[in-house]
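A short write-up of the structure that comes next.
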Number of protein chains: 2
Amino acid sequence: MNSEVSGKLQVRAERKNRKRQEKKDQIAGSALKALQELGYANTSLRDIAEKSSLSLGMLHYYFEDRTELILHCVSVYKTAFTSLLNETVNHAHGREAVINALAGALATTIVEEASTHRLWYDLRSQALFDSAFRPVVEEIEETLIDILKLAATRADKADEIDASLGYALIDGVFRYQLQNQITGTPRDQKALAMEMRAVLELFL
Amino acid sequence: MNSEVSGKLQVRAERKNRKRQEKKDQIAGSALKALQELGYANTSLRDIAEKSSLSLGMLHYYFEDRTELILHCVSVYKTAFTSLLNETVNHAHGREAVINALAGALATTIVEEASTHRLWYDLRSQALFDSAFRPVVEEIEETLIDILKLAATRADKADEIDASLGYALIDGVFRYQLQNQITGTPRDQKALAMEMRAVLELFL
DNA sequence: ATTTAATCTGGACGATTGTCCAATAAAAGT
DNA sequence: ACTTTTATTGGACAATCGTCCAGATTAAAT
(Lines give C-alpha, C1' and ligand atoms only; values in the text may rest on other atoms or scores of the structure.)
Protein backbone atom coordinates (compact mmCIF):
# COMPACT_ATOMS: atom_id res chain seq x y z
CA MET A 1 0.00 0.00 0.00
CA ASN A 2 2.83 2.23 0.82
CA SER A 3 4.25 1.57 -2.59
CA GLU A 4 0.89 2.39 -4.14
CA VAL A 5 0.81 5.77 -2.51
CA SER A 6 4.35 6.61 -3.46
CA GLY A 7 3.50 5.36 -6.93
CA LYS A 8 0.63 7.79 -7.17
CA LEU A 9 2.78 10.60 -5.97
CA GLN A 10 5.42 9.69 -8.50
CA VAL A 11 2.96 9.64 -11.36
CA ARG A 12 1.61 12.94 -10.22
CA ALA A 13 5.04 14.53 -10.01
CA GLU A 14 5.96 13.23 -13.40
CA ARG A 15 2.84 14.58 -15.02
CA LYS A 16 3.47 17.90 -13.38
CA ASN A 17 7.02 17.97 -14.66
CA ARG A 18 5.96 16.95 -18.12
CA LYS A 19 3.37 19.70 -18.24
CA ARG A 20 5.90 22.21 -17.07
CA GLN A 21 8.37 20.97 -19.64
CA GLU A 22 5.84 21.31 -22.42
CA LYS A 23 5.08 24.84 -21.34
CA LYS A 24 8.78 25.61 -21.35
CA ASP A 25 9.07 24.27 -24.87
CA GLN A 26 6.12 26.33 -25.96
CA ILE A 27 7.56 29.48 -24.44
CA ALA A 28 10.93 28.77 -25.99
CA GLY A 29 9.22 28.35 -29.33
CA SER A 30 7.68 31.78 -29.02
CA ALA A 31 10.89 33.28 -27.74
CA LEU A 32 12.67 31.86 -30.75
CA LYS A 33 10.67 34.18 -32.97
CA ALA A 34 11.83 37.26 -31.12
CA LEU A 35 15.44 36.09 -31.02
CA GLN A 36 15.42 35.33 -34.72
CA GLU A 37 14.49 38.89 -35.48
CA LEU A 38 16.80 40.79 -33.19
CA GLY A 39 19.68 38.46 -32.36
CA TYR A 40 21.20 37.54 -29.05
CA ALA A 41 22.80 40.89 -28.29
CA ASN A 42 19.72 42.99 -28.94
CA THR A 43 16.89 40.87 -27.63
CA SER A 44 15.76 41.75 -24.14
CA LEU A 45 13.42 39.69 -22.02
CA ARG A 46 10.84 42.40 -22.60
CA ASP A 47 11.16 41.95 -26.35
CA ILE A 48 10.55 38.26 -25.91
CA ALA A 49 7.64 38.82 -23.55
CA GLU A 50 5.96 41.25 -25.93
CA LYS A 51 6.39 39.20 -29.07
CA SER A 52 5.14 36.13 -27.25
CA SER A 53 2.25 37.83 -25.46
CA LEU A 54 3.73 36.70 -22.17
CA SER A 55 4.29 38.65 -19.01
CA LEU A 56 7.81 39.34 -17.86
CA GLY A 57 7.20 37.43 -14.65
CA MET A 58 6.16 34.33 -16.57
CA LEU A 59 9.53 34.07 -18.19
CA HIS A 60 11.17 34.18 -14.83
CA TYR A 61 8.70 31.65 -13.45
CA TYR A 62 9.70 29.07 -16.03
CA PHE A 63 13.33 30.03 -16.56
CA GLU A 64 15.92 30.86 -13.96
CA ASP A 65 17.49 33.60 -16.03
CA ARG A 66 17.92 34.89 -19.54
CA THR A 67 20.68 32.45 -20.36
CA GLU A 68 18.61 29.41 -19.43
CA LEU A 69 15.77 30.61 -21.60
CA ILE A 70 18.01 31.14 -24.59
CA LEU A 71 19.70 27.80 -24.10
CA HIS A 72 16.30 26.18 -24.15
CA CYS A 73 15.57 27.97 -27.40
CA VAL A 74 18.68 26.49 -28.93
CA SER A 75 17.54 23.03 -27.84
CA VAL A 76 14.24 23.52 -29.60
CA TYR A 77 16.08 24.59 -32.73
CA LYS A 78 18.36 21.60 -32.50
CA THR A 79 15.56 19.09 -32.26
CA ALA A 80 13.76 20.48 -35.26
CA PHE A 81 16.78 20.84 -37.51
CA THR A 82 18.66 17.63 -36.77
CA SER A 83 15.56 15.45 -36.97
CA LEU A 84 14.76 17.01 -40.33
CA LEU A 85 18.21 16.11 -41.62
CA ASN A 86 18.09 12.67 -40.07
CA GLU A 87 14.84 11.82 -41.78
CA THR A 88 16.08 13.22 -45.04
CA VAL A 89 19.15 11.02 -45.00
CA ASN A 90 17.28 7.96 -43.79
CA HIS A 91 14.79 8.13 -46.62
CA ALA A 92 17.45 8.14 -49.31
CA HIS A 93 19.10 5.05 -50.76
CA GLY A 94 22.40 5.06 -52.59
CA ARG A 95 24.99 7.73 -53.23
CA GLU A 96 23.16 9.82 -55.78
CA ALA A 97 19.96 9.89 -53.77
CA VAL A 98 21.68 10.74 -50.50
CA ILE A 99 23.58 13.61 -52.04
CA ASN A 100 20.54 14.98 -53.81
CA ALA A 101 18.30 14.66 -50.79
CA LEU A 102 20.76 16.26 -48.42
CA ALA A 103 21.66 19.09 -50.75
CA GLY A 104 18.00 19.70 -51.43
CA ALA A 105 17.02 19.76 -47.78
CA LEU A 106 19.83 22.14 -46.86
CA ALA A 107 18.95 24.47 -49.71
CA THR A 108 15.27 24.44 -48.80
CA THR A 109 15.90 25.25 -45.17
CA ILE A 110 18.13 28.15 -46.13
CA VAL A 111 15.35 29.64 -48.20
CA GLU A 112 12.56 28.94 -45.75
CA GLU A 113 14.17 29.21 -42.33
CA ALA A 114 16.96 31.66 -42.91
CA SER A 115 16.41 33.68 -39.78
CA THR A 116 16.35 30.62 -37.57
CA HIS A 117 19.75 29.61 -38.85
CA ARG A 118 21.23 33.04 -38.43
CA LEU A 119 20.32 32.84 -34.78
CA TRP A 120 22.19 29.55 -34.59
CA TYR A 121 25.29 31.19 -35.97
CA ASP A 122 24.85 34.07 -33.60
CA LEU A 123 24.66 31.82 -30.55
CA ARG A 124 27.47 29.62 -31.76
CA SER A 125 29.63 32.72 -31.88
CA GLN A 126 28.51 33.59 -28.38
CA ALA A 127 29.81 30.23 -27.24
CA LEU A 128 33.29 31.40 -28.20
CA PHE A 129 33.01 33.90 -25.37
CA ASP A 130 30.50 32.48 -22.93
CA SER A 131 31.15 28.94 -21.78
CA ALA A 132 27.51 28.54 -20.78
CA PHE A 133 26.65 28.06 -24.44
CA ARG A 134 29.38 25.56 -25.21
CA PRO A 135 27.76 22.29 -24.14
CA VAL A 136 24.66 22.78 -26.26
CA VAL A 137 26.68 23.97 -29.25
CA GLU A 138 28.98 21.00 -28.94
CA GLU A 139 26.05 18.64 -28.67
CA ILE A 140 24.45 20.00 -31.81
CA GLU A 141 27.64 19.84 -33.82
CA GLU A 142 28.29 16.29 -32.70
CA THR A 143 24.82 15.37 -33.85
CA LEU A 144 25.43 17.00 -37.21
CA ILE A 145 28.69 15.14 -37.59
CA ASP A 146 26.90 11.91 -36.79
CA ILE A 147 24.37 12.68 -39.47
CA LEU A 148 27.20 13.14 -41.91
CA LYS A 149 28.59 9.75 -40.94
CA LEU A 150 25.18 8.25 -41.44
CA ALA A 151 25.00 9.88 -44.83
CA ALA A 152 28.34 8.33 -45.76
CA THR A 153 27.09 4.93 -44.76
CA ARG A 154 23.87 5.25 -46.69
CA ALA A 155 25.82 6.53 -49.68
CA ASP A 156 27.65 3.20 -49.70
CA LYS A 157 30.89 4.96 -49.00
CA ALA A 158 33.42 2.20 -48.48
CA ASP A 159 36.26 3.85 -46.58
CA GLU A 160 35.94 5.97 -43.49
CA ILE A 161 35.55 9.69 -43.96
CA ASP A 162 36.79 12.53 -41.78
CA ALA A 163 33.33 13.60 -40.77
CA SER A 164 34.53 16.50 -38.61
CA LEU A 165 36.40 18.04 -41.50
CA GLY A 166 33.46 17.37 -43.75
CA TYR A 167 31.16 19.13 -41.34
CA ALA A 168 33.47 22.13 -41.23
CA LEU A 169 33.55 22.40 -45.01
CA ILE A 170 29.83 21.95 -45.49
CA ASP A 171 29.08 24.34 -42.68
CA GLY A 172 31.32 26.94 -44.29
CA VAL A 173 29.36 26.78 -47.50
CA PHE A 174 26.00 26.60 -45.74
CA ARG A 175 26.79 29.67 -43.71
CA TYR A 176 28.08 31.57 -46.70
CA GLN A 177 24.96 30.73 -48.65
CA LEU A 178 22.85 31.83 -45.74
CA GLN A 179 24.70 35.10 -45.45
CA ASN A 180 24.28 35.84 -49.15
CA GLN A 181 20.64 34.97 -48.83
CA ILE A 182 20.12 37.47 -46.05
CA THR A 183 22.52 40.30 -46.78
CA GLY A 184 23.22 39.85 -50.49
CA THR A 185 21.41 38.64 -53.54
CA PRO A 186 19.04 35.81 -52.66
CA ARG A 187 19.18 32.79 -54.93
CA ASP A 188 16.47 30.23 -55.53
CA GLN A 189 16.47 26.81 -53.91
CA LYS A 190 17.70 25.08 -57.05
CA ALA A 191 20.84 27.15 -57.36
CA LEU A 192 21.71 26.65 -53.71
CA ALA A 193 21.12 22.91 -53.97
CA MET A 194 23.33 22.60 -57.04
CA GLU A 195 26.22 24.30 -55.33
CA MET A 196 25.80 22.22 -52.22
CA ARG A 197 25.67 19.06 -54.29
CA ALA A 198 29.09 19.82 -55.71
CA VAL A 199 30.45 20.17 -52.20
CA LEU A 200 28.84 16.98 -50.95
CA GLU A 201 30.33 15.05 -53.84
CA LEU A 202 33.75 15.79 -52.44
CA PHE A 203 32.97 13.56 -49.49
CA LEU A 204 30.21 11.13 -50.14
CA MET B 1 48.69 84.99 -52.41
CA ASN B 2 45.14 84.06 -51.81
CA SER B 3 45.95 80.56 -52.99
CA GLU B 4 48.94 80.44 -50.64
CA VAL B 5 46.76 81.18 -47.69
CA SER B 6 44.14 78.64 -48.61
CA GLY B 7 46.98 76.20 -49.23
CA LYS B 8 48.29 76.70 -45.74
CA LEU B 9 44.86 76.24 -44.31
CA GLN B 10 44.43 73.09 -46.31
CA VAL B 11 47.72 71.64 -45.11
CA ARG B 12 46.78 72.50 -41.58
CA ALA B 13 43.38 70.89 -41.83
CA GLU B 14 44.88 67.79 -43.34
CA ARG B 15 47.46 67.45 -40.62
CA LYS B 16 44.75 67.88 -38.04
CA ASN B 17 42.64 65.22 -39.64
CA ARG B 18 45.56 62.85 -39.94
CA LYS B 19 46.37 63.29 -36.29
CA ARG B 20 42.81 62.68 -35.33
CA GLN B 21 42.70 59.64 -37.53
CA GLU B 22 45.83 58.23 -35.93
CA LYS B 23 44.34 58.75 -32.50
CA LYS B 24 41.21 56.99 -33.60
CA ASP B 25 43.26 54.06 -34.81
CA GLN B 26 45.14 53.95 -31.55
CA ILE B 27 41.93 53.99 -29.52
CA ALA B 28 40.42 51.32 -31.73
CA GLY B 29 43.51 49.23 -31.16
CA SER B 30 43.04 49.45 -27.42
CA ALA B 31 39.33 48.86 -27.69
CA LEU B 32 40.05 45.74 -29.69
CA LYS B 33 41.60 44.18 -26.63
CA ALA B 34 38.49 44.66 -24.55
CA LEU B 35 36.21 43.43 -27.31
CA GLN B 36 38.34 40.35 -27.86
CA GLU B 37 37.85 39.35 -24.27
CA LEU B 38 34.16 39.96 -23.80
CA GLY B 39 32.62 39.92 -27.26
CA TYR B 40 30.24 42.34 -28.91
CA ALA B 41 27.20 41.61 -26.76
CA ASN B 42 28.95 41.94 -23.42
CA THR B 43 31.40 44.76 -23.95
CA SER B 44 30.18 48.13 -22.74
CA LEU B 45 31.84 51.43 -23.48
CA ARG B 46 32.88 51.46 -19.85
CA ASP B 47 34.64 48.15 -20.27
CA ILE B 48 36.52 49.57 -23.21
CA ALA B 49 37.35 52.77 -21.38
CA GLU B 50 38.70 50.91 -18.36
CA LYS B 51 40.77 48.40 -20.27
CA SER B 52 42.21 51.18 -22.39
CA SER B 53 42.77 53.67 -19.57
CA LEU B 54 40.59 56.14 -21.38
CA SER B 55 37.78 58.26 -20.08
CA LEU B 56 34.25 57.61 -21.21
CA GLY B 57 34.04 61.08 -22.67
CA MET B 58 37.11 60.48 -24.82
CA LEU B 59 35.42 57.63 -26.63
CA HIS B 60 32.49 59.87 -27.42
CA TYR B 61 34.81 62.66 -28.50
CA TYR B 62 36.41 60.51 -31.16
CA PHE B 63 33.51 58.29 -32.05
CA GLU B 64 29.92 59.26 -32.66
CA ASP B 65 28.54 56.19 -30.95
CA ARG B 66 29.33 52.64 -29.92
CA THR B 67 28.70 51.25 -33.38
CA GLU B 68 31.14 53.61 -35.06
CA LEU B 69 33.83 52.67 -32.57
CA ILE B 70 33.32 48.97 -33.10
CA LEU B 71 33.26 49.36 -36.85
CA HIS B 72 36.59 51.14 -36.62
CA CYS B 73 37.93 48.22 -34.61
CA VAL B 74 36.95 45.85 -37.37
CA SER B 75 38.80 48.02 -39.87
CA VAL B 76 41.94 47.80 -37.79
CA TYR B 77 41.57 44.03 -37.65
CA LYS B 78 41.04 43.87 -41.37
CA THR B 79 44.15 45.82 -42.23
CA ALA B 80 46.35 43.67 -40.05
CA PHE B 81 45.00 40.32 -41.10
CA THR B 82 44.62 40.82 -44.83
CA SER B 83 48.01 42.43 -45.25
CA LEU B 84 49.56 39.51 -43.39
CA LEU B 85 47.95 37.08 -45.79
CA ASN B 86 48.79 39.19 -48.79
CA GLU B 87 52.47 39.28 -47.92
CA THR B 88 52.47 35.60 -47.19
CA VAL B 89 51.09 34.75 -50.58
CA ASN B 90 53.26 37.26 -52.40
CA HIS B 91 56.46 35.82 -50.96
CA ALA B 92 55.72 32.31 -52.15
CA HIS B 93 56.50 30.97 -55.60
CA GLY B 94 54.85 27.93 -57.13
CA ARG B 95 52.04 25.70 -56.04
CA GLU B 96 53.74 23.82 -53.21
CA ALA B 97 55.17 26.96 -51.69
CA VAL B 98 51.93 28.90 -51.88
CA ILE B 99 49.97 26.13 -50.22
CA ASN B 100 52.53 25.62 -47.50
CA ALA B 101 52.94 29.31 -46.80
CA LEU B 102 49.21 29.99 -46.66
CA ALA B 103 48.41 26.96 -44.53
CA GLY B 104 51.26 27.82 -42.20
CA ALA B 105 50.22 31.43 -41.82
CA LEU B 106 46.61 30.53 -41.12
CA ALA B 107 47.62 27.95 -38.56
CA THR B 108 50.00 30.35 -36.85
CA THR B 109 47.43 33.10 -36.56
CA ILE B 110 44.93 30.68 -35.06
CA VAL B 111 47.38 29.77 -32.35
CA GLU B 112 48.62 33.28 -31.70
CA GLU B 113 45.65 35.51 -32.36
CA ALA B 114 42.73 33.29 -31.53
CA SER B 115 40.75 35.84 -29.60
CA THR B 116 41.07 38.43 -32.35
CA HIS B 117 39.54 36.04 -34.81
CA ARG B 118 36.73 35.04 -32.54
CA LEU B 119 35.73 38.69 -32.40
CA TRP B 120 35.66 38.73 -36.18
CA TYR B 121 33.25 35.83 -36.19
CA ASP B 122 31.18 37.50 -33.55
CA LEU B 123 30.85 40.71 -35.51
CA ARG B 124 30.26 38.90 -38.76
CA SER B 125 27.31 37.21 -37.07
CA GLN B 126 26.10 40.58 -35.88
CA ALA B 127 26.04 41.70 -39.50
CA LEU B 128 23.34 39.10 -40.13
CA PHE B 129 21.08 41.18 -37.89
CA ASP B 130 22.45 44.72 -37.99
CA SER B 131 22.94 46.17 -41.45
CA ALA B 132 25.40 48.71 -40.08
CA PHE B 133 28.03 45.97 -39.97
CA ARG B 134 27.42 44.63 -43.43
CA PRO B 135 29.56 46.94 -45.56
CA VAL B 136 32.73 46.34 -43.58
CA VAL B 137 32.11 42.59 -43.41
CA GLU B 138 31.52 42.48 -47.13
CA GLU B 139 34.65 44.49 -47.79
CA ILE B 140 36.78 42.15 -45.73
CA GLU B 141 35.40 39.04 -47.33
CA GLU B 142 35.91 40.47 -50.80
CA THR B 143 39.50 41.16 -49.90
CA LEU B 144 39.95 37.61 -48.64
CA ILE B 145 38.46 36.23 -51.83
CA ASP B 146 40.85 38.39 -53.82
CA ILE B 147 43.73 36.98 -51.83
CA LEU B 148 42.54 33.51 -52.72
CA LYS B 149 42.50 34.47 -56.38
CA LEU B 150 46.01 35.83 -56.04
CA ALA B 151 47.06 32.58 -54.42
CA ALA B 152 45.64 30.64 -57.32
CA THR B 153 47.59 32.76 -59.75
CA ARG B 154 50.84 32.40 -57.87
CA ALA B 155 50.22 28.67 -57.57
CA ASP B 156 50.29 28.54 -61.37
CA LYS B 157 46.70 27.39 -61.40
CA ALA B 158 45.75 27.28 -65.06
CA ASP B 159 41.96 27.37 -65.03
CA GLU B 160 39.79 29.78 -63.15
CA ILE B 161 38.69 28.80 -59.67
CA ASP B 162 35.46 29.59 -57.88
CA ALA B 163 37.13 31.77 -55.31
CA SER B 164 33.92 32.53 -53.42
CA LEU B 165 33.21 28.87 -52.88
CA GLY B 166 36.83 28.30 -51.97
CA TYR B 167 36.64 31.05 -49.41
CA ALA B 168 33.53 29.52 -47.89
CA LEU B 169 35.17 26.11 -47.57
CA ILE B 170 38.44 27.41 -46.15
CA ASP B 171 36.60 29.70 -43.79
CA GLY B 172 34.54 26.80 -42.55
CA VAL B 173 37.66 24.87 -41.63
CA PHE B 174 39.44 27.89 -40.23
CA ARG B 175 36.51 28.69 -37.99
CA TYR B 176 36.14 25.13 -36.86
CA GLN B 177 39.82 24.94 -36.01
CA LEU B 178 39.54 28.19 -34.12
CA GLN B 179 36.57 26.96 -32.16
CA ASN B 180 38.34 23.76 -31.20
CA GLN B 181 41.34 25.79 -30.23
CA ILE B 182 39.31 27.95 -27.86
CA THR B 183 36.60 25.67 -26.55
CA GLY B 184 38.06 22.23 -27.14
CA THR B 185 41.44 20.59 -27.21
CA PRO B 186 44.06 22.98 -28.57
CA ARG B 187 46.36 21.55 -31.22
CA ASP B 188 49.81 22.75 -32.14
CA GLN B 189 50.52 24.87 -35.18
CA LYS B 190 51.87 21.95 -37.16
CA ALA B 191 48.72 19.86 -36.86
CA LEU B 192 46.51 22.78 -37.85
CA ALA B 193 48.72 23.59 -40.83
CA MET B 194 48.66 20.01 -42.07
CA GLU B 195 44.90 19.88 -42.02
CA MET B 196 44.62 23.22 -43.75
CA ARG B 197 47.10 22.12 -46.38
CA ALA B 198 44.85 19.23 -47.32
CA VAL B 199 41.96 21.64 -47.79
CA LEU B 200 43.97 24.09 -49.84
CA GLU B 201 45.09 21.32 -52.16
CA LEU B 202 41.49 20.89 -53.19
CA PHE B 203 41.63 24.26 -54.88
CA LEU B 204 45.10 25.42 -55.64
C1' DA C 1 51.64 87.19 -24.56
C1' DT C 2 47.13 86.57 -25.86
C1' DT C 3 43.59 84.54 -28.24
C1' DT C 4 41.65 80.71 -30.40
C1' DA C 5 40.99 76.00 -31.06
C1' DA C 6 41.53 71.26 -29.83
C1' DT C 7 41.68 67.78 -26.33
C1' DC C 8 40.26 65.59 -22.30
C1' DT C 9 37.87 64.86 -17.66
C1' DG C 10 34.36 63.46 -14.62
C1' DG C 11 29.99 63.07 -13.88
C1' DA C 12 24.89 63.76 -14.86
C1' DC C 13 20.83 62.17 -17.53
C1' DG C 14 17.14 59.33 -18.85
C1' DA C 15 16.32 54.92 -20.75
C1' DT C 16 16.74 50.12 -20.53
C1' DT C 17 18.26 46.02 -18.47
C1' DG C 18 17.73 41.37 -15.68
C1' DT C 19 15.87 39.93 -11.62
C1' DC C 20 12.64 39.37 -8.23
C1' DC C 21 8.25 39.45 -5.41
C1' DA C 22 3.61 40.39 -3.39
C1' DA C 23 -0.87 39.70 -4.83
C1' DT C 24 -4.37 37.48 -7.65
C1' DA C 25 -6.44 33.81 -10.44
C1' DA C 26 -6.84 29.19 -11.74
C1' DA C 27 -6.29 24.24 -11.05
C1' DA C 28 -5.76 20.18 -8.44
C1' DG C 29 -6.32 17.44 -4.58
C1' DT C 30 -8.96 16.14 -0.54
C1' DA D 1 -17.05 22.67 -0.34
C1' DC D 2 -12.64 23.54 1.18
C1' DT D 3 -7.62 23.61 1.17
C1' DT D 4 -3.42 23.51 -1.07
C1' DT D 5 -0.66 23.92 -4.86
C1' DT D 6 0.40 25.90 -9.27
C1' DA D 7 0.14 29.49 -12.63
C1' DT D 8 0.14 34.27 -13.85
C1' DT D 9 0.07 39.24 -13.41
C1' DG D 10 2.02 43.75 -13.11
C1' DG D 11 5.16 46.40 -11.31
C1' DA D 12 9.20 47.57 -8.13
C1' DC D 13 14.11 47.41 -7.72
C1' DA D 14 18.98 48.36 -8.25
C1' DA D 15 22.31 48.09 -11.71
C1' DT D 16 24.01 49.24 -15.98
C1' DC D 17 23.71 51.13 -20.38
C1' DG D 18 24.84 54.82 -24.28
C1' DT D 19 24.89 59.48 -24.73
C1' DC D 20 25.91 64.02 -23.77
C1' DC D 21 27.92 68.31 -21.79
C1' DA D 22 30.05 72.05 -18.77
C1' DG D 23 34.26 73.03 -17.59
C1' DA D 24 39.36 72.23 -17.07
C1' DT D 25 43.57 71.48 -19.53
C1' DT D 26 46.64 71.57 -23.20
C1' DA D 27 48.31 72.78 -27.77
C1' DA D 28 48.41 75.92 -31.79
C1' DA D 29 48.17 80.22 -34.03
C1' DT D 30 48.63 85.07 -34.17
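Chain A is the first sequence line, chain B the second, and so forth, proteins listed ahead of strands; every chain is numbered from 1.
Sorted by first and then second residue, the ring pair (Phe, Tyr, Trp, His ring centres under 6.0 Å) pairs with a member in residues 32-54 of chain B read B:Tyr40-B:Phe133; sequence neighbours excluded. Sorted pairs that involve residues 182-204 of chain A and meet ring pair (Phe, Tyr, Trp, His ring centres under 6.0 Å), not counting sequence neighbours, are lacking altogether. Contacts classified as ring pair (Phe, Tyr, Trp, His ring centres under 6.0 Å) and involving residues 44-70 of chain A (residues at least two apart or in different chains) are given here: A:Phe63-A:His72.
Every salt bridge (Lys or Arg N to Asp or Glu O under 4.0 Å) that A:Arg124 has, sequence neighbours left out, goes to A:Glu141, A:Asp171. Residues that satisfy the salt bridge (Lys or Arg N to Asp or Glu O under 4.0 Å) test with B:Glu50, not counting sequence neighbours, are absent from this structure. Looking at residues two or more places apart in sequence or on another chain, you find a side-chain hydrogen bond (donor to acceptor under 3.5 Å, both in side chains) between A:Glu22 and A:Arg18. A:Tyr176 is linked by a side-chain hydrogen bond (donor to acceptor under 3.5 Å, both in side chains) to nothing, counting only residues two or more places apart in sequence or in another chain. Applying the salt bridge (Lys or Arg N to Asp or Glu O under 4.0 Å) rule to A:Glu160 yields no partners; only residues at least two apart in sequence or on another chain are considered. For A:Glu113, there are no salt bridge (Lys or Arg N to Asp or Glu O under 4.0 Å) partners, not counting sequence neighbours.
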Protein-nucleotides 16-20 of chain C N/O pairs under 3.5 Å:
| from | atom 1 | to | atom 2 | distance (Å) |
| --- | --- | --- | --- | --- |
| C:dG18 | OP1 | A:Arg66 | NE | 3.0 |
| C:dG18 | OP2 | A:Leu45 | N | 3.0 |
| C:dG18 | N7 | A:Arg46 | NH1 | 2.9 |
| C:dG18 | O6 | A:Arg46 | NH2 | 2.9 |
| C:dT19 | OP2 | A:Arg66 | N | 2.9 |

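In this entry the distance linking CG of B:Leu59 with P of C:dG10 reads 13 Å, nearest Å. The separation between B:Tyr61 atom OH and D:dT25 atom C1' is 12 Å, rounded to whole Å. B:Leu54 has its CG atom 9 Å from the P atom of C:dC8, to the nearest Å. Remark: C1' of D:dG18 and OH of B:Tyr40 are 12 Å apart, rounded to the nearest angstrom. The CE-C1' distance, from A:Met58 to C:dA25, rounds to 13 Å in whole Å.
B:Gln181 places no side-chain N or O within 3.5 Å of a backbone atom of B:Ala114 that could act as its donor or acceptor partner.
Against DNA chain D, the stretch residues 125-133 of chain B makes no heavy-atom approach under 4.0 Å. Across residues 19-32 of chain A, A:Lys19 each have a non-hydrogen atom less than 4.0 Å from an atom of DNA chain C (numbered order).
Of the N and O atoms on the side chains of A:Ser125 and B:Ser125, at least one donor lies less than 3.5 Å from an acceptor on the other residue.
Among the heavy atoms of the strands, none lies under 4.0 Å from B:Phe63.
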